[in-house]
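For reference, the structure is listed below as structure tokens.
In this chain, numbering begins with 1 at the start of the sequence shown. Worth saying up front: this structure is predicted, and the values here are computed from it rather than measured.
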Amino acid sequence: MKYNFSFIQVINWLFVCRQNLLDTLEEHKKGANKEEIIKKLQIQKKKLEMVKDILDRKVKLQGVNKDFLKKFHQIKKDYGLD
């Protein structure tokens, strides 16, 4: 069986993980519960491991986050792709 993925889908997944990590960092700075922070970081670690599986073609990722598409042009500018 052939597994296909779109570059935009993978970038979207990484974008969502990055946003979640930044949110977790902000919560940590505000003094949130350490156990909750650890759980959130473990969840993000699992999601990033899934990206590796996607690139190794072990898992198929479908769909694109609407927030990512709204900010796509700004993201391209931030990374110098425009």
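Atom CD1 of I43 and atom CG of L48 lie 12.0 Å apart (nearest 0.5 Å). The CG atom of L25 sits 12.5 Å away from atom CG of N20, with the distance rounded to the nearest 0.5 Å. How far CG of L14 is from CD of Q19: 12.0 Å, rounded to the nearest 0.5 Å. How far CG of L41 is from NZ of K46: 12.5 Å, rounded to the nearest 0.5 Å. Interatomic distance, CG of N33 versus NZ of K39, reported as 8.5 Å (0.5 Å rounding).
Using a distance-only test at 3.5 Å, with no hydrogens or angles considered, no donor-acceptor pair links the side chain of W13 to the main chain of M50.
Taking each heavy atom of K47 and C17 in turn, the nearest pair found is CB-SG, 3.6 Å. Scanning all heavy atoms of the two residues, the minimum distance from H28 to I37 falls at N-CD1, 3.9 Å.
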